[in-house]
Amino acid sequence: MSELPKAYEPTEVEKSWYQAWLDAKCFEADPASGKPPYSIVIPPPNVTGILHLGHVLNNTIQDILARRARQKGCEVLWLPGTDHAGIATQTKVERQLRDEEGQTRRDIGREAFLEKVWEWKEKHGGIIIKQLKRLGCSCDWSKERFTMDADYSKWVAKVFADLFNDGLVYRGKRMVNWCPVSLTALSDEEVIPKKQNSKLYYMKYELVEEPGVFLEVATTRPETLMGDVAVAVNPKDERYGKYVGKMVKRPFPHTEIPVVADDHVDPEFGTGALKITPAHDKADFEIGMRNDLEIIDVFHPDASVNCPEVPELDGLDRFVARKKAVTMLEEMGLLIKVEEHENNVGFSERADVAIEPRISMQWFLKYPATEETAKAVADGDISYRPARWAKTHANWMDGIQDWCVSRQLWWGHRIPVWYRKEKVEALQEAESLTLNDLSAGDLHVSADPPSDPENWVQDGDVLDTWFSSWLWPFATMQNLDEDSDLVKKFYPTTDLVTGPDIIFFWVARMIMAGFRFKGEIPFKNVFFTSIIRDKNGDKMSKSRGNSPDPIDLMEKYGADGLRFGLMRTAPIGADLRYDEVQVEEGRNFANKIYNACRFRRMAGTDSRANFSPAACETLRPYHLDILAKCDELAETLEDAYGDYRFNEVGQQLYDFLWGEFCDKFLEAVKGDLREEASEAQRDTTLGVFDVVMARYLHLLHPYMPHITEELSVRMGYIQEGQFLMQKELPKTTLLESVDAVVIKRGCEQAAAVYESAAKLRNLKAEYRLAARKDVRFVAKSGPDWLEAEADILALLVGSEGVTRDEGYLPEQGTPGAVTAAGELFMPLDGLIDVEAEKARLDKEIEKIQKEVGKSKGKLGNEKFVANAKPEVVAVERERLAEWEVKLTQLHEMRSGLS
RNA sequence: GCGGGAUUAGCUCAGUUGGUAGAGCGACUCGUUUACACCGAGUAUGUCGGCGGUUCGAGUCCGUCAUCCCGUACCA
């Protein structure tokens, strides 16, 4: 009967449609178009990364927005690309180098190493792009960018030079977050504080002037003792005031250090005296500056001890050295006690090791355009959704610190600074040399290398990856030296979709860059997605192994199923707990749509998508009802899209198709497709089916692009060679120019029939007659139209018939239901277990009496009647009346049994 | 410490001007009639975290407490 297989098989369909869209260049944005622009730039994934569920959610949302915008008549640019991901990528290549060749990057040198990274990028790069294609993403791949493209890199260098010329970029020796594994400085944002169960060591320093008298200090880091240059106490602390200015003995290497006063010290904590190690603690560094103290660095860059004066510790790892230092103190009789102590320790985001506060020469940026940026978000020129993230943004902007932008890596944008060659030796020797020591002529800061390169040496560091990402919205659209059509048409972009975890890393910085370099906001709306967690609420991660491979899911359930399953459940503004059943539901849903269409084709493969409801004389209530519901759906979706309520869009699409179209409409009109049905009935029903389904597929398309495209063609709703994805949504409703009174009447009748059907099915089930088809119903009263719809009602209920009989006198105990389609009875013919039935009725009566009591109490309340909206009171009255009728009926039935 | 969020059916979550508490999954009972068992019909299940307040009426507004998450700043 039908050539279609029983179950929908998405895989091949999805792949072939994606290829067809690509071949027809459906995704390519035309800057010359007269249509209004709509644009998104993709948050560039790591070039060598692979797709995880977070990407799926994020990019599905973007695809939905892009496809919806096309349907609304916009010229859409969804600009894709990848990020070079400095540390992440370099780490991977270094690991490979170590595992396969037993070498470090320094062994093979900068040039050879970079060659290897590019090789790695060529080999592993772009996997994620393929995966995004599998998901159905409608990015304009002809404009794909990479943060290390030559044109893009020019932007990065120019921006650096501009900011340098503004005086916002500076070089200096500062306390930075140092990663002892990656051997580079990190920004504050790349440091993750973690609670640690540490120990607090109490120890004592002897006063030089008063032998035998000790000053007690508490520390969590005894291994930095060699770098101690003072002990600080609070000037208001009466216990210690007398010691300020005196000297104490540092045990090893043995020396005398002063006691200083500083407000920073909390008298309540520990002993109230703090050992000062300016080289290894941010607060100590500041105290050191205030008190003009020496800085003694006792670590190597890898955080092993660098202190030849204390051979016991020299060369040891910092944590090994900690234990050893404690033992030494104990042996010297200087250790007093050890307490358990919980504190926060910063960890490197990438390498996941404790970062080491370390003084080093780095490049810093004072953020530009901070005021405009804070204001744009606070005032809503850029709207954050959910709005509460605006507050997080504001908090961060408030306490903003200069950004350490240099990284001691090789993979990335090299800092565009050159030093005059003859000065370089000095620079290398004396790490303390600052720019102040170089005259203007010795320094070249520019996007272009010096014209006489042989006389210059370029700075060895590269820039933080985010220093290139923050230019993404415009550096992808426009080369430095040309004003492209793309940027004119599509910039500023419309929406940005990303995770809230990178507000600081990326979003806020892009706004600053937008203001500084383009003079305006880079995007109008920012939608923050849910963070996906597993069933237990744990974050998904590779190490936990709780992150399913989206590709496997797509092979099993289809890309459409995966997309829909996630979108329907992803809450707005809260974390998403992922469970595979969601995806399974998505797959089942696709199958449901497919089968509805398959059913339709059994009645003929000719399309009736041109059917006009307004011109049809034979529309029945069910037709009007489903047409009206489809129009309502379109309207509801419009509202939900307007507020970015994607889960509601999904839920509405689901409920309409499954609950309204299949469960109600299709069941009600099935009879029209039987052989014995009239031509007119058949034509009308097929017409309504096609018109509604065509519109529905159109509305569903952004969520499930492949199956909707497939079915639209198969069902003949669009011409071969045309694409649903390029078709604009009609502005007319399906019931355009149909009389509103007719629509209303039809919908009411349909609702009455559906409601009655449900109630009668309940009756059957209650009396354990659900499977019996020979049950008959009698309508003692009912609306005029009841007889015309009686057969359909009977069909829906699974009954032999519903007959109208005004003179019907039910035997006592005959169950019935009062519905909008009349007072309906189900004669039992004495087939019921009397005792069981009595018990059931008693229970029922009790329940309803309770409801009646509640309702009466409410209506008896004068204030309720006076204050509540009239329609609310009316509803309550109707409800009470219904309960009372039902109650009377039940009482009659009960007495009929005894 | 400060800021944000969460707490609704066994599970995952909806519930947008305060007006009889909903869906999906799972459980249970029926059922393969011209689509679909990736299905249909039905049943059961909730002092909406606790306490107080505003109101005729609170899951919804206010206060407070509890538990749990997430940011962020710190005391070494």
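Residue numbers begin at 1 in each chain, while the letters A, B, ... track the order of the sequences.
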Q: Testing A:Arg318, A:Arg322, A:His280 one by one against A:Glu223 for a side-chain hydrogen bond (donor to acceptor under 3.5 Å, both in side chains), which residue passes?
A: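 The residue from A:Arg318, A:Arg322, A:His280 that satisfies side-chain hydrogen bond (donor to acceptor under 3.5 Å, both in side chains) with A:Glu223 turns out to be A:Arg322.
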Q: Within the 4.0 Å heavy-atom criterion, would you say A:Lys275 contacts the bases, only the backbone, or no part of the nucleic acid?
A: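 Touches nothing.
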Q: Using Watson-Crick or G-U wobble geometry with both distances below 3.5 Å, tell me the partner of B:rG71, or none.
A: B:rC2
Q: Can a side chain N or O of A:Arg577 be found less than 4.0 Å away from OP1 or OP2 on B:rC13?
A: yes
Q: Mind checking who B:rU17 pairs with, Watson-Crick or G-U wobble, both distances under 3.5 Å?
A: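 Matched B:rU17 with nothing under the 3.5 Å cut-off.
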Q: In terms of side-chain heavy atoms of A:Arg388, which of B:rG71, B:rG4, B:rA35 is nearest?
A: B:rG4
Q: So which nucleotide from B:rA35, B:rG71, B:rG42 ends up closest to the side chain of A:Ala596?
A: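 The nucleotide sitting nearest to the side chain is B:rA35.
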Q: Give, ordered by number, those residues of residues 582-590 of chain A having at least one heavy-atom distance below 4.0 Å to an atom of RNA chain B; if nothing qualifies, reply none.
A: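 When residues 582-590 of chain A is checked for heavy atoms under 4.0 Å from RNA chain B, the hits, listed by number, are A:Gln582, A:Glu585, A:Arg587, A:Asn588.
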Q: Considering every strand shown, what is the Watson-Crick or G-U wobble mate of B:rC36 when both distances are under 3.5 Å?
A: none
Q: Between A:Glu580 and A:Lys556, is there a side-chain N and carboxylate O pair less than 4.0 Å apart?
A: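 Yes, A:Glu580 and A:Lys556 are salt-bridged.
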Q: Would you classify A:Glu268 as touching base, sugar-phosphate or nothing, given that sugar-phosphate means primed atoms plus P, OP1 and OP2, and contacts are heavy atoms under 4.0 Å?
A: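 Nothing, no nucleic acid heavy atom in range.
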Q: Which nucleotide wins on minimum distance to the side chain of A:Asp663, given the candidates B:rA76, B:rG42, B:rA41?
A: B:rA41
Q: Is the ring pair A:Phe589/A:Trp658 parallel, tilted or perpendicular, if the boundaries are 30 and 60 degrees?
A: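 Ring orientation of A:Phe589 relative to A:Trp658: parallel.
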Q: Nearest to the side chain of A:Arg568, which nucleotide is it out of B:rG24, B:rU34, B:rU12?
A: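 In terms of side-chain proximity for A:Arg568, the closest of B:rG24, B:rU34, B:rU12 is B:rG24.
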Q: Which nucleotide, if any, forms a Watson-Crick or G-U wobble pair with B:rG57, using both distances under 3.5 Å?
A: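 No nucleotide pairs with B:rG57.
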Q: Have a look at A:Asp266 and say if it touches a base, only the backbone sugar-phosphate, or nothing, with a 4.0 Å heavy-atom cut-off.
A: base
Q: Would A:Arg568 and A:Glu648 satisfy salt bridge (charged side-chain N to carboxylate O under 4.0 Å, His left out), going step by step from the backbone distance to the final call?
A: CA-CA 7 Å; A:Arg568 189 164 74 101; A:Glu648 192 186 332; over 6 Å; no
Q: What's the closest nucleotide to the side chain of A:Lys863 if the choices are B:rA35, B:rA23, B:rC56?
A: B:rC56
Q: Please check if the number of heavy atoms outside A:Glu555 that lie under 6.0 Å from its CD is greater than 12.
A: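 Yes, because the 6.0 Å sphere around CD of A:Glu555 holds more than 12 heavy atoms from other groups.
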Q: Reckon A:Val265 touches a base, only the sugar-phosphate, or nothing at all at heavy-atom distances under 4.0 Å?
A: base
Q: Give the ring-plane orientation class for A:Phe528 versus A:Tyr384, where under 30° counts as parallel, over 60° as perpendicular and anything between as tilted.
A: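 Ring orientation of A:Phe528 relative to A:Tyr384: perpendicular.
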Q: Got A:Met715 and A:Arg600 here, is their nearest side-chain heavy-atom distance under 4.5 Å?
A: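 Heavy-atom side-chain distance check passes, below 4.5 Å.
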Q: Between B:rA35, B:rC39, B:rG42, which one does the side chain of A:Asn595 approach most closely?
A: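 That would be B:rA35.
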Q: What integer number of Å spans the P atoms of B:rG40 and B:rG24?
A: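 The same atom, P, in both gives a distance of 10 Å.
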Q: Paired with B:rG42 by Watson-Crick or G-U wobble geometry, both distances under 3.5 Å: which nucleotide is it?
A: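 WC or wobble partner is B:rC28.
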Q: Go through B:rC36, B:rC75, B:rC38 for me and flag the one nearest to the A:Ala7 side chain.
A: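 Of the options given, the side chain of A:Ala7 lies nearest B:rC38.
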Q: Among the nucleotides B:rC75, B:rU16, B:rG42, which one has an atom lying closest to any side-chain atom of A:Glu648?
A: B:rU16
Q: Please tell me which of the listed nucleotides, B:rA76, B:rC39, B:rA41, lies nearest to the side chain of A:His341?
A: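 Per side-chain heavy atoms of A:His341, the pick is B:rA76.
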Q: Just checking, any donor-acceptor pair under 3.5 angstrom between side chains of A:Asn177 and A:Asp188?
A: yes
Q: Strictly below 4.0 Å: does A:Trp658 bring a side-chain N or O up to OP1 or OP2 of B:rG40?
A: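 Answer is yes, contact under 4.0 Å.
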Q: Check every strand shown and say whether A:Asn762 touches a base, only sugar-phosphate, or nothing at a heavy-atom separation below 4.0 Å.
A: sugar-phosphate
Q: On the nucleotide B:rC36, are OP1 or OP2 found under 4.0 Å from the side-chain N or O atoms that A:Lys6 carries?
A: yes
Q: Measure the acute angle between the ring planes of A:Tyr644 and A:Phe646, then classify it against the limits of 30° and 60° as parallel, tilted or perpendicular.
A: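 Ring orientation, 0 to 90° scale: perpendicular.
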Q: Classify the nucleic acid contact of A:Phe689 as base, sugar-phosphate or nothing, counting any heavy atom under 4.0 Å across all strands shown.
A: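 Touches nothing.
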Q: Tell me, yes or no, whether the heavy-atom count around A:Glu339 atom CD, taken from other residues, nucleotides or ligands under 6.0 Å, exceeds 12.
A: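 More than 12 within 6.0 Å, yes.
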Q: Side chain of A:Leu274 only, heavy atoms from C-beta on: which candidate in B:rG71, B:rA37, B:rA76 is closest?
A: B:rA76
Q: Distance only, no hydrogens: is a donor on one side chain within 3.5 Å (strictly under) of an acceptor on the other, for A:Thr271 and A:Lys204?
A: no
Q: Using Watson-Crick or G-U wobble geometry with both distances below 3.5 Å, tell me the partner of B:rU64, or none.
A: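 Across all strands, the one nucleotide that pairs with B:rU64 is B:rG50.
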Q: Assign A:Thr569 to base, sugar-phosphate, or nothing according to its heavy-atom contacts below 4.0 angstrom with the strands shown.
A: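 Counting heavy atoms under 4.0 Å across all strands, no contact is made by A:Thr569.
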Q: Tell me, for nucleotides 57-63 of chain B in 5' to 3' order, what letter each nucleotide earns: B for a base near a protein heavy atom under 4.0 Å, S for only sugar-phosphate near one, - for neither?
A: -------
Q: Got a sec, which residues hit salt bridge (charged side-chain N to carboxylate O under 4.0 Å, His left out) with A:Glu632, two or more places apart in sequence or on another chain?
A: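 Partners of A:Glu632 by the salt bridge (charged side-chain N to carboxylate O under 4.0 Å, His left out) criterion come out as none, since no residue qualifies.
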Q: Which part of the nucleic acid, if any, lies within contact of A:Lys391, taking any heavy atom under 4.0 Å across all strands shown: a base, the sugar-phosphate backbone alone, or nothing?
A: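 A:Lys391: backbone/sugar contact only, no base atoms under 4.0 Å.
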Q: Indicate, with a heavy-atom threshold strictly under 4.0 Å, whether A:Ala603 touches base, sugar-phosphate, or nothing.
A: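 No contact.
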Q: Within the structure shown, what part of the strands sits under 4.0 Å from A:Arg674 by heavy-atom distance: base, sugar-phosphate, or nothing?
A: base
